[in-house]
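Please read the structure below before turning to the comments.
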Amino acid sequence: MTAVRGPALTFTGDPFSDGLDATMVHEPDAIVAMADGKIAHFGPAGRIAPLLPAGTEVVDYGRDALISAGFIDTHVHYPQTPMIASHGAQLLDWLNKYTFPTELKFADKAHARAVARLFLQENLRNGITTSCVYCTVHPQSVDALFEEAERLGLRLAAGKVLMDRNAPATLLDTAQSGYDESQALITKWHGRGRLLYAITPRFAVTSTPAQLAAAGALWQQHRDCLLQTHLAESRREVALIKELFPDQQSYLDVYDHHGLCDARAIFGHGIWLDEPEMQRLHASGASIAHCPTSNFFLGSGAFDLARAIRTDRPVRVGLGTDIGAGTSFSILATLGAAYKASQLNGHSLSAGHAYYLGTRGSARAMYLDDRIGSLAAGMEADLVVLDMRSTPLIDFRMNEAGTFAEQLFVQMTLGDDRAVQATYVAGRPAYVRKTDANRSP
Ligand code: GUN
Ligand code: ZN
């Protein structure tokens with residue numbers, strides 16, 4: 001058994017439905033004890049310390065730390081790591097100008113492996129212990145990522161992109177080949193160790209009705225797989241979907257019609273949805289991945305979180321970096337952007353609700369909240385340890401932050417990868433920051 005000690009934050013339920021008081025646990029001096037990849041004990045240090053076997057090593061992170069369940073990224077494209085920060089285009093042009101040429105290179109497995117390695121290291125540097133990942137159309141791009149994730153012991157979901165139209169010919173599969181290749185990848189990877197397969201039609205612009213139907217048939221045979229795609233990200237995209245699918249009532253209806261709207265579906269973005277679409281997401285149990293840095297970068301819009309989680313028909317919402325349209329691997333920075341997206345819709349997202357979104361809320365969006373996303377005995381031991389004074393400015397500002405809510409809000413407004421002191425995967429340190437805090441003298 002090993003253990004970490006310090007202030008801790010976790011959630012026992014959903015603060016959007018039940019309030020922060022009933023669901024947020026802030027323990028000023030906690031111990032998280034870990035054995036066999038799971039959390040064995042969690043609670044106040046005074047209560048847990050006597051439970052530890054003699055000789056248990058306890059790493060004490062001190063009172064300026066914050067221990068939390070590892071961050072979760074519900075929507076990200078690992079092959080787009082090399083093209084993050086590409087200038088001057090909105091969604092559909094950006095795909096043609098930057099994304100497709102970048103993804104073509106993943107026919108080369110060695111290239112895919114090198115990018116997968118860097119991507120997963122960057123995740124760990126940012127405290128992300130689980131992500132739901134788009135690969136490219138090439139099956140070897142999926143193998144490369146899963147092989148690296150398996151080596152690191154990560155819980156991770158990923159899938160081969162399906163696209164059979166409206167992209168360069170060399171990047172296309174067919175309804176049949178995409179089905180067959182996905183099927184083979186599911187057999188090989190889904191449920192192997194901590195890995196999960198996500199059936200991944202890119203979006204309805206690049207999949208024919210035949211391919212969407214094939215994806216629906218495949219999901220029907222593998223109901224415990226995730227399904228991920230993009231939905232109503234930009235207004236031009238929504239208009240194009242109307243042209244491509246004149247018989248469907250809405251964008252979501254295109255997916256629904258093909259059996260792609262159900263529990264364990266994660267729809268990226270969902271900015272431009274009408275009320276019947278929201279109702280349908282709620283009724284089906286499907287989730288939205290909110291990707292604010294991407295939405296601002298591409299000029300797609302400001303997702304209305306308060307509307308999505310309306311208590312009369314709450315939709316499951318997780319958080320996504322959406323690299324490479326997203327501009328940061330940092331979940332803290334992404335939460336800061338989520339705050340700004342909410343502000344543009346007239347709501348001020350609280351820091352507590354935001355942290356829920358980056359941890360347990362995202363686990364719930366992936367239907368994994370029984371295994372990850374919170375600190376509790378029996379949960380998988382994936383943790384992030386934050387340094388609450390990671391830069392001179394944050395150190396200075398923290399002196400003025402009276403309440404814990406204020407301190408948390410400072411982190412998500414000013415913090416980034418420098419705030420991640422350590423990341424634990426299945427009970428083992430997978431990343432430890434080398435340099436000490438960048439404090440003022
Ligand atoms: N819609 C279809 N493909 C993509 C993609 O790769 N990134 C984003 N942001 N939106 C998409
Ligand atoms: Zn995306």
Side-chain angles (χ1 to χ4, degrees), residues 71-103 115-116 118-128 130-136 202-203 228 230 232-237 266 268-272 288-305 317-345 349 354-355 357-358 362 384 386 390-391 393-394 409-420:
F71 292 132
I72 297 169
D73 183 354
T74 63
H75 183 114
V76 62
H77 302 254
Y78 98 82
Q80 296 175 16
T81 309
M83 51 164 282
I84 188 171
S86 292
H87 173 261
Q90 300 210 343
L91 175 62
L92 300 175
D93 300 321
W94 174 87
L95 285 172
N96 287 315
K97 186 171 177 187
Y98 297 113
T99 312
F100 295 149
T102 300
E103 293 193 4
V115 176
L118 182 124
F119 168 81
L120 292 175
Q121 281 311 318
E122 202 57 29
N123 275 358
L124 292 173
R125 275 177 19 77
N126 284 279
I128 297 169
T130 287
S131 39
C132 194
V133 190
Y134 288 66
C135 302
T136 66
R202 178 173 219 119
F203 66 157
Q228 58 181 350
H230 295 83
E233 177 178 2
S234 84
R235 282 189 278 200
R236 253 186 77 201
E237 170 206 9
I266 303 179
H269 310 291
I271 301 172
W272 305 104
I288 291 176
H290 173 26
C291 307
T293 76
S294 164
N295 298 157
F296 291 142
F297 182 74
L298 290 181
S300 305
F303 178 71
D304 189 344
L305 176 64
V317 178
L319 188 76
T321 63
D322 195 27
I323 301 298
T327 51
S328 177
F329 278 85
S330 170
I331 294 298
L332 294 176
T334 307
L335 292 175
Y339 175 79
K340 292 164 194 162
S342 277
Q343 285 283 70
L344 286 166
N345 286 290
L349 178 65
Y355 275 74
L357 206 58
S362 284
V384 57
L386 298 179
S390 61
T391 72
L393 177 62
I394 293 173
F409 188 63
V410 167
Q411 304 305 316
M412 64 185 253
T413 303
L414 300 175
D416 53 30
D417 54 339
R418 290 168 291 181
V420 174

When rounded to the nearest 0.5 angstrom, what distance separates [atom1] in [X] from [atom2] in [Y]?
X: F329; Y: N123; atom1: CZ; atom2: CG; answer: 6.0 Å
X: F297; Y: H87; atom1: CZ; atom2: NE2; answer: 8.0 Å
X: E122; Y: T81; atom1: CD; atom2: OG1; answer: 8.5 Å
X: Y355; Y: L332; atom1: OH; atom2: CG; answer: 4.5 Å
X: T391; Y: R418; atom1: OG1; atom2: CZ; answer: 5.5 Å
X: T293; Y: D322; atom1: OG1; atom2: CG; answer: 7.5 Å

Less than 4.5 Å apart, side chain to side chain, heavy atoms only: is that true for [X] and [Y]?
X: E233; Y: S294; answer: yes
X: L305; Y: L357; answer: yes
X: S390; Y: D417; answer: no
X: T334; Y: P292; answer: yes

Restricting to non-hydrogen atoms, name the atom on [X] and the atom on [Y] that form the minimum distance, rounded to 0.1 Å.
X: V76; Y: S131; result: CG1-CB, 4.0 Å
X: P101; Y: L95; result: CD-O, 4.2 Å
X: Y78; Y: V115; result: O-CG1, 3.5 Å
X: G268; Y: H75; result: CA-ND1, 3.5 Å
X: S362; Y: L319; result: OG-N, 2.9 Å
X: N295; Y: H290; result: OD1-ND1, 4.3 Å

>> One pair to check against side chain to side chain contact (heavy atoms under 4.5 Å, CB included): C132 and I266. What are the steps and the verdict?
In response: CA-CA 9 Å; C132 194; I266 303 179; 4.0 Å; yes
> Do the two ring centres, one from Y134 and one from H230, sit under 6.0 Å apart?
Replying inline: yes
Mark yes or no for whether [X], through its side chain, and [Y], through its backbone, hold a donor-acceptor pair below 3.5 Å.
X: S330; Y: N126; result: no
X: T102; Y: Q80; result: no
X: W272; Y: S300; result: yes
X: D304; Y: N345; result: no

> Can you check side chain to side chain contact (heavy atoms under 4.5 Å, CB included) on T99 and M83, steps first, answer last?
Replying inline: CA-CA 7 Å; T99 312; M83 51 164 282; 3.6 Å; yes
>> Under the criterion side chain to side chain contact (heavy atoms under 4.5 Å, CB included), I'd like the reasoning laid out for E237 against H269: C-alpha separation, chi angles, the key distance, then a yes or no.
In response: CA-CA 12 Å; E237 170 206 9; H269 310 291; over 6 Å; no
>> For T321 and F71: C-alpha separation, side-chain torsions, deciding distance, then whether side chain to side chain contact (heavy atoms under 4.5 Å, CB included) applies.
In response: CA-CA 11 Å; T321 63; F71 292 132; over 6 Å; no
